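Structure record follows, encoded as structure tokens.
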Number of protein chains: 2
Amino acid sequence: MTAHTSPATATATRRGRRPGTNTTRRAILDAARVRFAADGFTATTIRRVAADAGVDASLVMQFFRSKSELFAAVMSVPPKALTRFSAAFEGTDEHLGERVVRAFLEVWEGDDTSSEPLMAMLRGAIVNDQANEQLREFLQERLLVDGIASRAVDNATLRAGIVSSMLVGLVVGRGIVSVPTLTGADRETLISIVGPAVQRVLVPPPTAERP
Amino acid sequence: MTAHTSPATATATRRGRRPGTNTTRRAILDAARVRFAADGFTATTIRRVAADAGVDASLVMQFFRSKSELFAAVMSVPPKALTRFSAAFEGTDEHLGERVVRAFLEVWEGDDTSSEPLMAMLRGAIVNDQANEQLREFLQERLLVDGIASRAVDNATLRAGIVSSMLVGLVVGRGIVSVPTLTGADRETLISIVGPAVQRVLVPPPTAERP
DNA sequence: CTCATAACTCAACCAGTGTTGATATTGTGC
DNA sequence: GCACAATATCAACACTGGTTGAGTTATGAG
């Protein structure tokens with residue numbers, strides 16, 4: 001809504017290269033990240049991103065070759081997030097579930113800037129093949145596997161995948177579907193309820209589990 | 001891919017009303033259900049649905065007034081599913097979690113015909129407002145609430161929402177993202193792992209839960 | 001200074017897509 | 001049999017949205 005036909009700055013709609021330092025590429029990326037995270041892949045148009053960045057649409061195409069590549073440049077699992085998860089696995093089994101849930105929620109619902117690529121990935125996963133593959137890989141390999149693989153449990157990988165997908169479901173319910181009950185709950189309450197459940201999946205009690 | 005310019009049947013591309021009984025409306029609905037469930041809302045075009053049904057696109061518009069209404073006619077939570085869930089709550093607390101998970105998976109991954117409306121709803125939930133609202137309502141009210149509301153637990157509604165969204169996440173991981181580990185696991189294994197976790201959310205042990 | 005090159009904008013193309021109005025054929029009630 | 005409604009196709013409109021090619025202005029190396 002800000003800049004459309006005539007940006008507020010003095011630059012106006014001049015025709016050629018802009019004077020001064022070169023910030024535009026970054027600006028486009030920022031705008032794209034926001035849009036893709038908020039509106040999803042199909043609902044986000046290049047023209048809109050360009051407008052948000054105060055730039056012509058064709059420039060976007062010149063920097064990134066296509067809409068898909070622009071999306072790919074934005075949608076990702078930040079390495080920070082992966083580190084965060086690995087860290088959650090250090091230490092004893094005792095409150096493992098709780099730690100994992102906390103890490104998950106903090107990473108996904110942290111400050112907007114860092115969670116946007118994740119949201120973009122989620123929202124794109126249904127329509128865009130790259131996002132779908134990225135999410136699959138995330139759920140399959142990158143997330144809890146290396147953490148849990150070292151633990152001596154049956155179906156370790158499966159358990160990791162289950163926990164991941166379930167927590168993604170929780171995030172979707174809060175952030176995309178916006179279920180009032182879920183959005184209304186504060187993080188700690190959520191952790192106190194979900195934590196033990198996740199614990200139960202990751203570290204099953206030795207007594208039961210076999211009918 | 002089948003019928004486009006010249007359907008395989010003898011009807012050819014005749015101009016007016018077809019002789020015989022009237023099946024076309026149902027055919028359109030069937031085609032739409034399949035497409036919406038498989039490709040999602042935006043990726044599904046009216047022309048494609050029409051082609052699948054062996055019909056001109058404008059006829060689809062005549063029966064259902066718009067793409068959204070066609071989608072609305074297809075995407076839904078079948079009453080059968082709701083009944084199934086209610087039934088899962090009858091009986092003791094003891095294996096409640098297991099029963100709920102089983103009901104959930106059976107309903108969502110049953111024969112294609114009955115699960116397609118649910119899948120359509122899921123795939124549409126990101127792009128289409130109606131689907132989003134329907135899913136929200138499903139997670140919020142229709143699902144486990146009436147079942148769990150009668151039980152004397154703190155945060156009963158919240159717990160219901162948590163379980164629902166987590167199980168939706170599981171279904172998404174299996175059916176939409178197609179995580180190999182998850183798709184590879186058979187339903188009973190899944191139930192045996194997820195059941196206790198869900199149990200832990202719905203019927204928390206009286207001893208713990210307060211740090 | 002000069003000139004290649006990078007950073008820009010403009011106008012337009014092109015393919016789809018939802019949607020509509022006109023028309024043709026069949027069924028049905030009188 | 002006949003008018004009217006229901007069922008069907010066809011052609012085309014309006015519009016969006018990704019993508020492209022040509023032209024315009026700054027930067028930076030030689």
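Being a predicted model, the structure only gives us computed values, none of them experimental. All values below were derived from every heavy atom in this structure, side-chain atoms included, with hydrogens, water molecules and symmetry-related copies excluded. Reminder, nothing fancy here: chain letters follow the sequence lines and each chain counts from 1.
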In whole Å, what is the span from the [atom1] atom of [X] to the [atom2] atom of [N]?
X        : N       : atom1 : atom2 : value
Gln62(B) : dA22(C) : CD    : C1'   : 11 Å
Phe64(A) : dG18(D) : CZ    : C1'   : 16 Å
Leu70(A) : dT19(D) : CG    : P     : 10 Å
Glu69(A) : dT19(D) : CD    : C1'   : 13 Å
Asp56(B) : dA22(C) : CG    : C1'   : 13 Å
Phe63(B) : dG18(C) : CZ    : P     : 18 Å
Phe36(A) : dG18(D) : CZ    : C1'   : 12 Å
Phe71(A) : dG17(D) : CZ    : C1'   : 17 Å

Should the pair Phe36(B) and Phe71(B) be assigned to parallel (<30°), tilted (30 to 60°) or perpendicular (>60°) ring geometry? perpendicular
Under 3.5 Å, is there any donor-acceptor pair linking the side chain of Ser58(A) to the base of dC8(C)? no
Establish whether the base of dG18(C) is bridged to the side chain of Arg47(B) by a donor-acceptor pair shorter than 3.5 Å. yes
Need to verify one output field. Residue with the more 5' nearest nucleotide on DNA chain C, Met61(B) or Leu59(A)? Leu59(A)
Among Gln130(B), Arg136(B), Gln134(B), the one residue meeting side-chain hydrogen bond (donor to acceptor under 3.5 Å, both in side chains) with Asn132(B): Arg136(B)
Identified side-chain hydrogen bond (donor to acceptor under 3.5 Å, both in side chains) partner of Arg35(B) from the options Asp30(B), Thr45(B), Thr44(B), Asp52(B): Asp52(B)
Heavy atoms from C-beta onward define the side chain here; which of [options] lies closest to that of [X]?
X        : options                  : value
Thr45(A) : dA8(D), dC8(C), dG17(D)  : dG17(D)
Lys67(A) : dT19(D), dA8(D), dC10(D) : dT19(D)
Ile46(B) : dC10(C), dG18(C), dC8(C) : dG18(C)

Mind checking Thr44(B) for me? I need base, sugar-phosphate or nothing, with any heavy atom below 4.0 Å counting as a touch. sugar-phosphate
Is Asn22(A) near enough to dA26(D) that one of its side-chain N or O atoms lies under 4.0 angstrom from OP1 or OP2? no
Could you say whether Ser68(A) or Ala57(B) is positioned toward the 5' end of DNA chain D, judged by the nucleotide with the nearest heavy atom to each? Ala57(B)
Got Pro117(B) and Val77(B) here, is their nearest side-chain heavy-atom distance under 4.5 Å? no
How about CD on Glu69(A), more than 12 heavy atoms from neighbouring residues, nucleotides or ligands closer than 6.0 Å, or not? yes
